[in-house]
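Structure, as structure tokens:
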Amino acid sequence: MWDRLLAGLHTEHVSSMTKDQWQWDRLYEAAVAVKNDRKISDYVTCGEVSAAILSGNGRIYTGVCIDTCSTLGICAERNAIFNMITNGEQEITKVIAILPDGSSGAPCGACRELMVQLMPEKYKDIEIMMDYKQERIMTLEKLTPEWWI
């Protein structure tokens with residue numbers, strides 16, 4: 001008798017995760033996946049910081065920082081942006097950077113400036129993950145309230 005009753009029983013998994021949370025989790029995972037602190041030569045290190053961006057088309061692009069002894073390096077966020085541009089896109093919706101200690105934080109001034117110049121009409125809407133563990137998000141507008149141009 002119980003077998004017949006249980007045969008008709010269906011269970012469903014209910015998740016309260018929003019699309020926004022899901023996107024941040026995918027960005028975090030993508031950035032962590034490429035983080036690989038290593039020495040390439042006596043003059044170049046890379047991977048101490050990693051980043052992931054979500055494009056306007058919903059694709060995720062990643063990058064790592066590349067540091068050189070003569071300032072020819074690049075931040076992880078700009079590396080991810082250049083990866084996006086190389087692949088034919090130019091609109092950013094979300095950005096996360098994973099710092100050497102594994103936390104997340106704000107992009108540097110050069111990275112912010114690139115985002116503003118790339119999207120002068122829409123940069124204020126770009127979301128930046130300031131603290132992944134605390135789910136603290138800011139817009140680029142709040143980080144860059146008065147653009148110089």
Side-chain angles (χ1 to χ4, degrees), residues 10-149:
H10 297 282
T11 60
E12 293 181 25
H13 176 74
V14 178
S15 175
S16 62
M17 180 180 284
T18 66
K19 179 181 177 183
D20 199 51
Q21 290 168 321
W22 182 83
Q23 288 174 331
W24 283 117
D25 286 351
R26 299 298 78 73
L27 286 167
Y28 176 82
E29 291 166 2
V32 167
V34 297
K35 190 174 181 306
N36 182 11
D37 184 358
R38 63 195 185 278
K39 181 178 179 179
I40 294 177
S41 75
D42 288 341
Y43 309 103
V44 179
T45 61
C46 72
E48 296 95 341
V49 176
S50 61
I53 59 173
L54 183 66
S55 74
N57 287 334
R59 293 187 186 99
I60 294 175
Y61 296 94
T62 59
V64 297
C65 67
I66 301 170
D67 293 312
T68 72
C69 68
S70 60
T71 70
L72 294 175
I74 187 92
C75 295
E77 299 92 328
R78 281 183 283 152
N79 198 345
I81 292 167
F82 296 153
N83 184 7
M84 176 190 71
I85 292 170
T86 299
N87 283 282
E89 295 193 64
Q90 65 273 346
E91 187 175 332
I92 302 163
T93 61
K94 297 180 186 313
V95 178
I96 188 170
I98 307 300
L99 306 176
D101 68 359
S103 66
S104 58
C108 74
C111 293
R112 294 178 203 181
E113 179 64 25
L114 176 61
M115 288 186 270
V116 172
Q117 288 188 29
L118 220 106
M119 298 176 49
E121 305 301 323
K122 295 173 127 185
Y123 82 91
K124 295 177 180 184
D125 299 328
I126 297 173
E127 294 180 334
I128 309 291
M129 179 57 76
M130 300 296 291
D131 186 332
Y132 180 75
K133 290 180 181 175
Q134 298 294 320
E135 298 181 0
R136 186 170 156 246
I137 301 163
M138 291 181 74
T139 61
L140 189 55
E141 176 181 30
K142 289 186 178 176
L143 287 174
T144 311
E146 295 184 31
W147 188 36
W148 64 275
I149 292 183

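In what follows, every heavy atom counts, from backbone to side chain, and hydrogens, waters and symmetry copies are set aside. If you read the sequence from its start, that first residue is 1, and numbering goes on from there.
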Verdict with reasoning, Thr18 to Trp22, per side chain to side chain contact (heavy atoms under 4.5 Å, CB included): CA-CA 6 Å; Thr18 66; Trp22 182 83; over 6 Å; no

Under the side chain to side chain contact (heavy atoms under 4.5 Å, CB included) criterion, do Ile81 and Leu118 qualify, and how do the steps go? CA-CA 10 Å; Ile81 292 167; Leu118 220 106; 4.3 Å; yes

Please evaluate residues Lys94 and Leu27 with respect to the criterion side chain to side chain contact (heavy atoms under 4.5 Å, CB included), reporting the C-alpha separation (whole Å), side-chain torsions for both, the decisive distance (0.1 Å), and the verdict. CA-CA 8 Å; Lys94 297 180 186 313; Leu27 286 167; 3.6 Å; yes

Carefully, step by step, assess Trp24 and Leu54 under the rule side chain to side chain contact (heavy atoms under 4.5 Å, CB included). CA-CA 9 Å; Trp24 283 117; Leu54 183 66; over 6 Å; no

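Within the 4.5 Å cutoff, the side chain of Ile128 has heavy atoms near those of the Pro107 side chain. Residues Met84 and Ile92 meet the side-chain proximity criterion, which asks for heavy atoms closer than 4.5 Å. Looking only at side-chain heavy atoms (C-beta outward), Val95 and Met115 come within less than 4.5 Å of each other. Inter-residue side-chain proximity for Glu48 and Leu99 is flagged as unmet; no heavy-atom pair is nearer than 4.5 Å. Taking the side chain as every heavy atom from C-beta outward, Ile126 and Thr93 never approach each other to under 4.5 Å. Looking at heavy atoms from C-beta onward, Ile40 lies out of side-chain contact with Thr45 at the 4.5 angstrom threshold. In this structure, the side chains of Ile98 and Val49 stay at 4.5 Å or more apart for every pair of heavy atoms. When side chains are defined from C-beta on, Leu140 counts as touching Arg112, because their heavy atoms get closer than 4.5 Å.
Side-chain atoms of Asp25 and Tyr132 include a donor-acceptor pair closer than 3.5 Å. The closest side-chain donor-acceptor pair between Asn79 and Asn83, if any, does not fall under 3.5 angstrom. At a cut-off of 3.5 Å, with distance as the only test, a side-chain donor of Asp101 or Ser103 sits close to an acceptor on the other residue. A donor-acceptor contact under 3.5 angstrom links the side chains of Glu89 and Ser55, judged on distance only.
Note that CD1 of Ile85 and CD of Glu91 are 12.5 Å apart. Values are rounded to the nearest 0.5 Å. Once rounded to the nearest 0.5 Å, the distance linking CD1 of Ile137 with NZ of Lys142 reads 11.5 Å. Taking CE of Met129 as the reference point, atom CD of Gln23 lies at 11.0 Å (rounded to 0.5 Å). For the atom pair Lys39 NZ and Cys46 SG, the distance stands at 12.5 Å (nearest 0.5 Å). With values rounded to the nearest 0.5 angstrom, Met130 atom CE is found 10.5 Å from Thr139 atom OG1.
Applying the side chain to side chain contact (heavy atoms under 4.5 Å, CB included) rule to Thr71 yields no partners; only residues at least two apart in sequence or on another chain are considered.
Proximity of a side-chain donor or acceptor of Gln117 to a complementary backbone N or O of Leu114 within less than 3.5 Å is not detected. The closest donor-acceptor contact from the side chain of Arg136 to the backbone of Gln134 lies at 3.5 Å or more, if one exists at all. Ser50 places a side-chain N or O within donor-acceptor distance of the main-chain N or O of Ala31, the cut-off being under 3.5 Å.
The minimum heavy-atom distance linking Val34 with Gly63 is given by the pair CG2-O, 4.1 Å. Closest approach of Lys35 to Pro100, counting heavy atoms only: NZ-O, 3.6 Å. Taking each heavy atom of Ala52 and Ala30 in turn, the nearest pair found is CB-CB, 4.2 Å. Looking at every heavy atom in both residues, Thr144 comes nearest to Tyr123 through O-OH, 3.6 Å.
At most 12 heavy atoms of other shown residues, nucleotides or ligands fall within 6.0 angstrom of atom OH in Tyr43.
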